[in-house]
Every structure is written in structure tokens, then in C-alpha cells.
Trainee: 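Just passing along the structure, written as C-alpha cells.
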Amino acid sequence: MLSDIPHTSSPLLAQLNEEQHRAVALPPEHALILAGAGSGKTRVLTTRIAWLLQTSQVSPGGILAVTFTNKAAKEMKLRLQAMLPVNVNAMWIGTFHGLCNRFLRAHHQLAGLPQTFQILDTQDQLSAVKRLCKQFNVDEDRFPPKQLQYFISGCKEDGQRPGDVTVRDDETRRKVELYQLYEEQCQREGVVDFGELMLRSYELLRDNAHVREHYRRRFRHVLVDEFQDTNKLQYAWLKLLVGLPGEGSEGAILAVGDDDQSIYAFRGARVGNMADFVREFQVQHQIKLEQNYRSFSNILDSANHLISHNKTRLGKTLRTDQGAGEPVRVVESASDFAEAQWLVDELRQLVKQDGFERKEVALLYRSNAQSRVLETALFNAGFPYRVYGGLRFFERAEIKHALAYLRLMENPNDDTSFLRVVNFPPRGIGARSIEQLQDAARAAGCSLHDAVSATTGKAGANLAAFVAMIDVLREQTEGLTLREIIDLVLDKTGLVNHYRAEKEGADRVENLEELVNAAESFVTQEGFGRSAVAMTQGGSVLTQSPASQGLSSDAPATDEFSEDGVTMSPLAAFLTHASLEAGDNQAQAGEDAVQLMTVHASKGLEFDAVFITGLEEGLFPHENSMNDFDGLEEERRLMYVAITRARKRLYLSHSQTRMLHGQTRYNLKSRFFDELPEDCLKWITPKQAGFANLGGNGGGYSGGLGGGGGWPQTPAQNRHARPAWGQSSLSTETYKSPPVPVQKAAPEHGITAGKQVFHTKFGEGKVLAVEGTGADARAQVNFPRHGVKWLALSVAKLTLV
DNA sequence: GAAGTTGCTTTTTTT
DNA sequence: AAGCAACTTC
């Protein structure tokens, strides 16, 4: 009953439905919100915070909100700021890793870390592991570095140090040994990987009662977004941070999640945390948000119907007040090329006739490899598109090189960075010199940087020059602005010149210039001036001062928890920013282009029209997942996520054949089609124009003139050349259609109704019907094992029995 | 020390 | 198919 809720008069609550209202105005106790897709989850989260502040139940300093992505954190701050005049930087809003970083910077001594510790991203971590393997002569066939990396990350996600791992066999024993050595290496070098950020922070809270008590008193309201995606360690961290009932703590957790949208089990997410949370925190308030504001009911019913096939669910059914809307369109193509071509035609019509905006249309697929055909077709049609995924800005090689120099200036012991740039650009320091240096460093138990002075000869001179350059740069850049520092480093290290001289290096030079811009805007946005300033997010933290008793739990901005302990140079702050936030990977936002992405990447987004492509057995559900129960359920949730992205129109598309790993595969349509409500669907058969059927005949799609990168032209972001017939600078107006590949005359197939035929995958079957001629010829065949199929004769290799 | 050649792998992804 | 790593050759 609304009347039972306090403070209902707040205008903040006026526009909420009853469920949302109840969620926002919950008492300060642990609660779980089951928020269905499109049910206004973020809105509830932000309004909850705003309401708590407005009704003076908490001050900004008492709020901690945690998300999984920087994007979500940014969004939350933005919307909060729009709701009420509050300094969002006084609140702790960020990703798990961002917040952990903040804790560790503030308590670096207690955590056993240098103040300037650097953060290894996944790439850095792998190269660190490789280096370790070389040093200890690990048989890389028996222990592939990638697998070791996976092992180490997995252990950390489970909260296990080397000593905590149960060793049952020799292989594990060796892995644990290497894990231990890896840890020592990181510690020596003053670097932490992502898992370490989380684990160290957990241990900090676990092992230091006064720190724990301080934060428990301080954070009265802890809000967790996407709770279904938390892993074991993150949940344990939350338990420490807030304290279980009976531990005398006062903070309340508001967990928001949707078990049906849990699609990250493969990387350690534990949906079970939701049930554990309810049990361990004795949650009294559970609210389901089932009102969907996004989709028409044909779309929503399809999603509901599909997900109802999952056995392990908390149970939730979305409803909408919008009408049925259009039926969900289902399309079958003969080949992935035909699918792509059909898609382009349909897109054109969608935009021209039905008035959809390009950027409001998404093409979704299960795996990245599927994007290529789509891109090729779009590119050749001159249709603007944008691909999400792939290399992000701060992951690009040239950027990582530049950052490595900067990191070395901050922390000379960072051997990973040292090795990355010691001979890049080439300066005559080869593998042999580096090996010698590594031996010396190992013998002396010091970093590569420090071992240089011990080397002799010509190699030693080169190394000495390199180290001297870094040291000189450190001195020269003292007191300069971040921009000036980076400019100087790019120049003096020869990095820019090296790429200028390279014939394919223009994009890289551009990216390096972009790095300077990124630094500039970082300074502006985060308020970093010339002098050292506090943590990137502002706000206060508990310093290492021993006087940590008698703290007020709120608004400690002016007390002894001043920012003293967390001052960082602008450079150090920028480096942290670069490791924690890989940056955008998309071309110009705002460009009106259709969006291509994996289903995973689409989570949290919505579009007017959505195409889900490649709905085939083995692809979606993926073959690696479809053999075990949990895997299949996750695939189904993935499909559920995909469907619920659509507002108005949804297309489901599958193809009979598809090129995969250089081979044509014959696929059955996805089992998910059988799990959708038939009366919501409309089966469309696209007209099979000649162009659409060029499946396996080696037509003109490959081996074009090359050049160009996507459309519209985004040279710096879209470096990889794609096949194209035309010039790379296309415009919709001037572009001419690619020449239609010459279709070989279809051989006389002699397939007629009633005959027995053989198919390489489906086996023997009986022809029921044949239609079309030449390239368009299709046969309907009844296979005893696989049912009735329509097969394009130009694609499927049917032989008469 | 750098450039060319062969062979191998191939889900999903954030921090 | 294609990208990447490791190997061989100049």
C-alpha cells in the first residue's frame, strides 16, 4: 500500500509505478530487487539514492554504489546529477575494481603496496606470466601461459591465495607453484592485476578491523547493480564491507539484479549469490519489477515464453501495457551471404519506408566472427554501420607503448613495461642483451631497470642509454602539465617518429595524438591541475593515520580522513584511469549508423528494431555450450537478453549454411525457434534474387581491392582493411553498386519430387518438392533424422541415390 | 637484428 | 579465412 510508505510526497516518486515506488522507498534494510528487462532498473537505483539524500536519511558520504562497467557508473552519476543538486563525487560510485583501487590507494601501506602501484590489464598479465614461464623454464606445452593466467585469475576470483588451493595432482601442484612465483614477481615489480585489486581489497578489510569498522559505519547504503553478475569474491567483499546481520553493523545493501539476464557464468559470475544474499542477509524485502516499458507484447511474450523453458529461475513474468505490435519476423536464408544481403535490403527498407533511424537498429550475433559477412555486405552497399567490440583505445599497441614509457617514469621496477619498450622503437637491444639483463636481475633479485648498471659491453651501453633516457625524462617532466609530459615522451622516445616513418603508421600516429587529447580531457574533467591532487573521484577516504578511532561515520570530508594519504600526481592518476577504463572502442558516437554487436555487448541497451542473426544450432546455442544443462540455460538467457533489446520490431534470422573456419557448415535452425509462441511469429521467405544465392561458389565477396575501413570512414578507429569493390571513400550518393558476380549456370541437377537424395550432414532423405530454377532452385527434402528441410541446390550438395 | 614463412587455433567479456 | 606466434632465413 502506498499510504504505508514514508515520504511519499517527494516529487521524485511521483512518476514511478507501484513496484518501483515500493523499491525506492524501502526502509533502510537489506533488500533484493528482481528487475526484469526494461523495467526501469537504473531509474529505481538512481531514484533510490536521490530519495535517500533528499529525505536526509543519509548524506552523500554514506552512499556506495557499485556497478560492473564504467559506462554504468557514469550513467548513474549523470542521472543522479540530473535529479537533484548533489555533488556526485562525494559518493562512492564506481566499478568493483574502481572502488577497490580507491581503497588500496588510500591504505597502500596496510595493503602492502607501493603508493604508485600500477595495474596490469589482461594483456599485461599474460606477458607477465609468459615472462615468468621463460624464467623458470616452464614447459609451455604442458602449461600454456594462457591457461596459467586463467588458473591464477580463477583462484583469485575464488578468493584463494596459493596456500589456499587444494592440490590433488602434480599438475595442480606445479600451477600453484607458478601462481606463487607470479605473485612474488608482481609484488617485486609493484604491480597488481585486476583480480589482485579485488582480492587485496578484500584482505585489507578482512585483516584490519579498524578499517573495516570505519567503512561499515560510514557506508549506510550500499547499492549493487547487476547483482546476478557478481562472482564469489565480490560477494565476499560485500559481506565484509557491510557485515552480516548480527555483526552489529548498520549498513543496508540494496541488490538489484535479474537472474534471467545472467550471461557471464563463463567468467565466474554466480547467480547463486542472489539466493545466498537473501539467506545470509536475512532479506525481508524482495520486490519484482515486472512492468516492462520497452517492448510491444509480441516481443515480450516471445521472451517470456522462451525463458520459461529454463528450469533454474527465481520466476518472473514481464508484462506491458503497450499493444501486441508487429509480429516477430522469422527469416531463413540459404547462406550467410544471402542472409547478409537480405539484411541490407531489409535495412534499406526499414530506413527509407518505415522511418526507422539507422542508429536505432541493431544487428546482433552470438560470436564476433559472424560480423565479417555482415560488414562486407553493408560496406559494399554503402550502408553506414558501426561495429562494437574489438580493440579498445587503451589496448592498442601504440598506446600501450606510450603508456609503458609513462609507467616506467612512475615506477622503474615495472618490468612488464620495461620489456615492452626497451627495444621499441628499435635501439639495438636484442634478445641476447635482454636475456643477460634478466639473468643479472634474477641473480641480484632486483628489477631490470636496476640491473642495468651491472651490465657491461656494447649491450650494456645501449641499455644504460635507455635507462638514462627514462630517468632524464622523469626529471625533465617534473612540474609539467600532463599534456606537456606526454608530448615530450612521445617525442623524446622516438615513438611518434617511428610510426611516422612506417608506411602503415598513419593511424597509429593519429591514435597517439588522440592519447594527448585523452589526457587533456582527463585533466579537465577530473579537475587535475599542475599539482598533485586527490583521488580521481574526489571525496574522502580513511588515511593511514593511526588515529582511526572516534570518527564520525558521515561526511568525513573535513575530518582527519582528509585526502592527504591519497594524493597522486596527474600522471599517476591518468595511468590508473587508463588501466581501469579501457576506453571506447566505437567509432564516432552520434553518427547515424546501424549498430553491430554481439548479444553480450547489447546487454543493457535497447533499439527500435533488432535483428538477431545466425540463429542456428551450434552457433546459437553455441556448440561449446549446448551439451551441458547449465550451458544451455545460459544460452537461453542470452537469447532472452537479445529478444528483450527490441522495442518495436524484431527479426530472427537463420541460414542453412555458413562459412566457419574456412569451411561451409550446414546448420539446422536453432532449437530456440521451437520455444517461441507460434502466434507471435510471422515466417517470411525472402525473395531469392540471383545475388542472394552465391553461397559456396566462390563468388566475388573475397579478394576485392582492399583498403578502406568501415563506413563512414574512421581511419584511426577502424584500421583493418576490408574487402571492397569500390574506393574506400564512399558516400551514399555517389556510390555504385558492386558488380554482381557472374553466377555459374546451375548444372542440371535432376532432382525431382519423390527421388531419394543424399546430403553430407543430414544423410538420406526423400525429395518432397522442388521450386525455382538455376541458382534459385530449392528442394524440400524429408530427412528421417532431421525432419523436413528446404535446401538451396546451389548451396547444399545433394546427390541422387 | 629484421623480414619472410609456416603452422595452429578458432565463444561470449569487463575490469 | 585470418590472425597470431614461433620458426627460419637473410
Side-chain angles (χ1 to χ4, degrees), chain A residues 66-73 94-101 119-127 130 140-141 144-146 153 156-157 192-199 201 226 229-231 233-234 262-269 336 364-370 372-373 376 388-392 394-395 397 423-434 459 462 576-583 585 597-604 614 618-626 631 634-635 637-639 641-642 658-664 698 701-703 720-723:
Chain A
V66 57
T67 62
F68 273 86
T69 63
N70 291 299
K71 199 174 149 204
T95 62
F96 275 103
H97 295 85
L99 297 176
C100 285
N101 172 58
I119 299 165
L120 301 184
D121 67 15
T122 314
Q123 282 177 45
D124 302 330
Q125 188 189 20
L126 183 61
S127 52
K130 281 183 179 164
E140 298 196 6
D141 288 328
K146 272 230 175 74
S153 301
K156 292 189 180 182
E157 273 171 14
V192 297
D193 59 43
F194 287 131
E196 188 70 24
L197 224 38
M198 203 67 229
L199 184 51
S201 174
E226 307 278 17
D229 287 338
T230 50
N231 63 32
L233 180 58
Q234 286 159 339
S262 157
I263 55 174
Y264 287 112
F266 72 91
R267 67 170 198 218
D336 48 349
L364 306 184
Y365 34 81
R366 173 68 236 271
S367 61
N368 281 308
Q370 289 167 253
R372 195 162 213 94
V373 208
T376 308
Y388 284 73
L391 266 197
R392 322 269 277 307
F394 287 115
E395 291 167 355
N423 196 35
F424 195 94
R427 45 176 75 89
I429 301 172
R432 273 182 52 85
S433 318
I434 290 168
N462 283 342
T576 299
H577 168 81
S579 334
L580 244 30
E581 193 164 346
N585 50 16
M597 65 189 85
T598 62
V599 179
H600 282 92
S602 76
K603 190 174 166 204
L619 245 185
F620 200 177
H622 197 276
E623 55 195 344
N624 295 0
S625 304
M626 62 189 205
E634 179 146 317
E635 294 288 309
R637 290 193 293 270
L638 200 49
M639 180 68 186
V641 166
R658 187 171 294 278
M659 284 289 264
L660 198 65
H661 311 325
Q663 283 188 316
T664 304
Y701 266 101
S702 55
H720 309 291
R722 300 229 155 73

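Proteins get letters first, then strands, A, B, ... in listed order; numbering begins at 1 in each.
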Trainee: Which listed nucleotide (B/dT14, C/dA6, B/dT12) is nearest to the side chain of A/E140?
Mentor: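 The closest nucleotide is C/dA6.
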Trainee: Between B/dT13, B/dT15, B/dT11, which nucleotide gets closest to the side-chain atoms of A/S625?
Mentor: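 Comparing B/dT13, B/dT15, B/dT11 against the side chain of A/S625, the answer is B/dT11.
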Trainee: Between A/K603 and A/D229, is the closest basic N to carboxylate O distance under 4.0 Å?
Mentor: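 Salt bridge between A/D229 and A/K603, a charged N being under 4.0 Å from a carboxylate O: yes.
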Trainee: Check every atom of B/dT14, B/dT11, B/dA2 against the side chain of A/T69 and return the nucleotide holding the closest atom.
Mentor: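 For the A/T69 side chain, the nearest candidate turns out to be B/dT14.
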Trainee: Send over the distance from A/Q123 CD to C/dA5 C1', rounded to a whole Å.
Mentor: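 So the two atoms are 15 Å apart, to the nearest Å.
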Trainee: Mapping A/G430 and A/V599 onto DNA chain B by nearest heavy atom, which one lands closer to the 5' end?
Mentor: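 Here A/G430 is the residue nearer the 5' end.
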Trainee: Just to verify, what does A/E196 make a side chain to side chain donor-acceptor pair (under 3.5 Å) with, not counting sequence neighbours?
Mentor: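 So A/E196 forms a side chain to side chain donor-acceptor pair (under 3.5 Å) with A/K156, A/R161, A/R200.
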Trainee: Taking salt bridge (charged side-chain N to carboxylate O under 4.0 Å, His left out) as the test, write out the residues that go with A/D121, two or more places apart.
Mentor: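 Applying salt bridge (charged side-chain N to carboxylate O under 4.0 Å, His left out) to A/D121 gives A/K400.
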Trainee: Please give, in whole Å, the distance from B/dT15 C1' to A/L391 CG?
Mentor: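 Rounded to the whole Å, the gap is 16 Å.
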Trainee: Starting at CZ of A/F620 and ending at P of B/dT12, how long is that distance when rounded to a whole Å?
Mentor: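 Taking atom P of B/dT12 as the reference, CZ of A/F620 is at 12 Å.
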Trainee: Ion pair present between A/E140 and A/K130, side-chain N to carboxylate O less than 4.0 angstrom?
Mentor: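 Result for this pair is no, no salt bridge flagged.
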Trainee: Just to be sure I understand the rule, does A/G195 reach a base, reach only the sugar-phosphate, or reach nothing, if contact means heavy atoms closer than 4.0 Å?
Mentor: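 No contact.
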Trainee: Would you call A/R267-A/E157 a salt bridge at under 4.0 Å N-O?
Mentor: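 Judged by the 4.0 Å cut-off on N to carboxylate O distance, A/R267 and A/E157 do not form a salt bridge.
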Trainee: Starting at CG of A/D229 and ending at C1' of B/dT12, how long is that distance when rounded to a whole Å?
Mentor: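 My rounded result for the distance is 12 Å.
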Trainee: Any side-chain N or O of A/R392 below 4.0 angstrom from OP1/OP2 of B/dT15?
Mentor: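 Checking A/R392 against B/dT15: at least one side-chain N or O falls below 4.0 Å of OP1 or OP2.
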Trainee: Please compare A/R432 and A/H622 by the position of their nearest nucleotide in DNA chain B and report the one closer to 5'.
Mentor: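 Its nucleotide being nearer the 5' end, the pick is A/R432.
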Trainee: If we only count heavy atoms from C-beta on, is the A/T95 to A/V66 side-chain gap below 4.5 Å?
Mentor: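 No; the side chains remain at least 4.5 Å from each other.
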Trainee: Has the side chain of A/T122 got a donor or acceptor that lies under 3.5 Å from a partner of the other kind on the base of B/dT15?
Mentor: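 In this structure, the two groups form a donor-acceptor pair.
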Trainee: Report which part of the nucleic acid A/Y264 touches: base, sugar-phosphate, or nothing (heavy-atom distance under 4.0 Å, all strands).
Mentor: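 Touches sugar-phosphate only.
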Trainee: If you only use heavy atoms from C-beta on, which nucleotide in B/dT13, B/dT12, B/dT15 is closest to the side chain of A/R366?
Mentor: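 Of the candidates, B/dT12 comes closest.
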Trainee: Between B/dT12, C/dA1, B/dT15, which nucleotide gets closest to the side-chain atoms of A/N368?
Mentor: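 Closest nucleotide to the A/N368 side chain: B/dT12.
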Trainee: What contact category does A/D193 fall into here, base, sugar-phosphate, or nothing, at under 4.0 angstrom with non-hydrogen atoms?
Mentor: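 Touches nothing.
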Trainee: Among B/dT15, B/dT13, B/dT11, find the nucleotide with the atom closest to the side chain of A/L580.
Mentor: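 From the listed options, B/dT15 comes nearest.
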Trainee: Between B/dT15 atom C1' and A/H97 atom NE2, what is the distance in whole Å?
Mentor: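 Answer to the nearest Å: 5 Å.
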Trainee: Counting only side-chain heavy atoms from C-beta out, which of B/dT15, B/dT11, B/dT12 sits nearest to A/F194?
Mentor: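 Looking only at heavy atoms from C-beta outward on A/F194, the closest nucleotide is B/dT15.
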Trainee: Kindly point out which of B/dT15, C/dA5, B/dT10 is positioned nearest to the side chain of A/K130?
Mentor: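 Ranking B/dT15, C/dA5, B/dT10 by closest atom to the A/K130 side chain puts C/dA5 first.
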Trainee: B/dT14 P sits how many Å from A/E226 CD, rounded?
Mentor: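 About 13 Å, once rounded to whole Å.
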Trainee: Rounding to an integer number of Å, can you tell me how far A/F68 CZ sits from B/dT15 P?
Mentor: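 Rounding to the nearest Å, CZ of A/F68 and P of B/dT15 are 11 Å apart.
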Trainee: Between C/dG3 atom C1' and A/R372 atom CZ, what is the distance in whole Å?
Mentor: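 Rounded to whole Å, this separation is 10 Å.
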Trainee: Is A/N423 near enough to B/dG1 that one of its side-chain N or O atoms lies under 4.0 angstrom from OP1 or OP2?
Mentor: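 For A/N423, the contact criterion (side-chain N or O under 4.0 Å from OP1 or OP2 of B/dG1) is not met.
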